[in-house]
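A short write-up of the structure that comes next.
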There are 2 protein chains.
Amino acid sequence: MTKIDRRTERLTDALRRAGVRITRQRAALLAVLARAEDHPEAVELHRRAEAQVPGISLSTVYRTLTALEAQGVIQRHQFAGTPARFEHTETAHHDHMIDVDTGEVVEFANDRIERLQAEIAAALGYDIVHHRLELYVRKKARPGTDQG
Amino acid sequence: MTKIDRRTERLTDALRRAGVRITRQRAALLAVLARAEDHPEAVELHRRAEAQVPGISLSTVYRTLTALEAQGVIQRHQFAGTPARFEHTETAHHDHMIDVDTGEVVEFANDRIERLQAEIAAALGYDIVHHRLELYVRKKARPGTDQG
DNA sequence: AGGCAAATGCAAACGATTTGCAACTGGATC
DNA sequence: GATCCAGTTGCAAATCGTTTGCATTTGCCT
Ligand SMILES: [Mn+2]
Ligand SMILES: [Mn+2]
Ligand SMILES: [Zn+2]
Ligand SMILES: [Zn+2]
């Protein structure tokens, strides 16, 4: 069983558990999500799913994404100035850097930051339900490189 | 000169510098912003400004907010699931905790987190342009307190 | 086959924000 | 103070991503 099969199964099971039917269009979207290594937006997922199910509608994509998110098997990221982007949650928690020039998304994880956040919240009498940490970045100018 | 006068002046000067006229409606909004100690959304700012200039339109509020943001004298925060919220930038950089139950916004600042962020970006070859750190939190259950 | 709830595609609604435009300033210039 | 003109206003309409209503289709169970 490949990594992508395992992911597809995880997504499929989550929907089954939620009592929703696995239709042709849903199966296609789940496969697309399982295969995705990037952070595509709904329209892009729709585009990719159309390869398998030509007539699939964007509403169906949105509806299924909402269901998957509710089950916690995918995450919706609302980065600044773009439509929401999606990714499966098979990988452990991480945060994101967004290259402001290219739009590229780079993942990172840092335990110290996670712990500090929890400490800060605790000190003020709160527990963290979830958080959002996004670094909007630009490639460091390497000496001798002129980026017009 | 009071703190609020100073803030109003800062906002006014920023607009003047940008070559825009200080009209009745803008003056009202600037005063509202200078006076605000919370993180109001556009509609709320509009509501407050109407006290001074009854006919002021929401478009004018939005247009002025956009101009002020472009000058860097106010900040626009896009918290999850709510319209944008605004605050003047007289105070130093800080991040936010949002109480998921009440919507209350609590500010905090932490140098260690700021430094860690810069280090993480640097290690991957990036400089941070700006960032977003939001903790969505819930009041810690105090022992002996039942929150239905 | 028959029945029924769930899912689909489409078009229309949504909510926050932006924009086009004609009417209206507010200053500067005479 | 009349004139001029670019900047500003309020309004309505447009925008964009996303959600929703609805008539039709589908998938499953009997
Ligand atoms: Mn990711
Ligand atoms: Mn703040
Ligand atoms: Zn994190
Ligand atoms: Zn910060």
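Residue numbers begin at 1 in each chain, while the letters A, B, ... track the order of the sequences.
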Distance, nearest 0.5 Å, that separates [atom1] of [X] from [atom2] of [Y]:
X	Y	atom1	atom2	value
K139(B)	L124(A)	NZ	CG	10.0 Å
E69(A)	T64(A)	CD	OG1	12.5 Å
L11(A)	L68(A)	CG	CG	6.0 Å
Q71(A)	I74(A)	CD	CD1	10.5 Å

| Would you say R112(B) has more than 12 foreign heavy atoms packed within less than 6.0 Å of its CZ? |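 It does not: R112(B) CZ has 12 such atoms or fewer within range.
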| H130(A)-Q75(A) side chain donor-acceptor pair, cut-off 3.5 Å |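 No, because no side-chain N or O of H130(A) sits under 3.5 Å from a partner of the opposite role on Q75(A).
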| field | Under 3.5 Å side-chain donor-acceptor pair for H93(A) and E114(A) | value |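 Judged by distance alone, the side chains do pair up.
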| request: Residues of residues 21-36 of chain A with any non-hydrogen atom less than 4.0 angstrom from an atom of DNA chain C: list those, numerically ordered, please. | output: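 R21(A), T23(A), Q25(A), R26(A), in order of number.
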| Counterpart residues, salt bridge (Lys or Arg N to Asp or Glu O under 4.0 Å), relative to R16(B) (two or more places apart) |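 Partners of R16(B) by the salt bridge (Lys or Arg N to Asp or Glu O under 4.0 Å) criterion, ordered by chain and then number, come out as D13(B).
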| query | Taking the side chain as C-beta and beyond, is there a heavy-atom pair between E44(A) and R47(A) under 4.5 Å? | reply |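 In contact.
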| Could you give the start and end, 5' to 3', of the contact zone on DNA chain D for chain B, using atoms under 4.0 Å from its heavy atoms? |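 So the contact region on DNA chain D extends dA6(D) to dA12(D).
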| field | Whole angstrom value for the distance that separates C1' of dT18(C) from NE2 of H46(B) | value |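 Answer to the nearest Å: 15 Å.
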| request: Take the protein atom CG of L58(A) and the nucleotide atom C1' of dA7(C), then report the distance between them rounded to whole Å. | output: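 Rounded to whole Å, this separation is 16 Å.
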| said: Angle between ring planes, H94(A) versus H96(A), binned at 30° and 60°: parallel, tilted or perpendicular? | reply: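 Ring orientation of H94(A) relative to H96(A): perpendicular.
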| What residue among T60(A), V53(A), L45(A) forms side-chain contact (heavy atoms from CB on, under 4.5 Å) with L29(A)? |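 Only one of T60(A), V53(A), L45(A) forms a side-chain contact (heavy atoms from CB on, under 4.5 Å) with L29(A), namely L45(A).
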| request: Mind checking G55(A) for me? I need base, sugar-phosphate or nothing, with any heavy atom below 4.0 Å counting as a touch. | output: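 G55(A): backbone/sugar contact only, no base atoms under 4.0 Å.
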| Which is true for V20(A) with a 4.0 Å heavy-atom rule: it touches a base, it touches only sugar-phosphate, or it touches nothing? |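 Counting heavy atoms under 4.0 Å across all strands, the contact made by V20(A) is with sugar-phosphate only.
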| field | Of residues 60-83 of chain B, the positions that come close to DNA chain D - non-hydrogen atoms, cut-off under 4.0 Å | value |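 Those residues are T60(B), R63(B).
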| task | List for me each residue that meets side-chain hydrogen bond (donor to acceptor under 3.5 Å, both in side chains) alongside R24(A), sequence neighbours excluded, and say none if there are none. | result |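 R24(A): no side-chain hydrogen bond (donor to acceptor under 3.5 Å, both in side chains) contacts found.
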| task | Could you tell me whether R6(B) and E90(B) make a salt bridge, using a distance below 4.0 angstrom between a side-chain N and a carboxylate O? | result |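 Answer for the salt bridge query: yes.
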| field | Angle by which the axis turns from one end of the helix from dT18(C)-dA13(D) to dC30(C)-dG1(D) to the other, five pairs per end, to 10 degrees | value |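 Angle reported: 20°, given to the nearest ten degrees.
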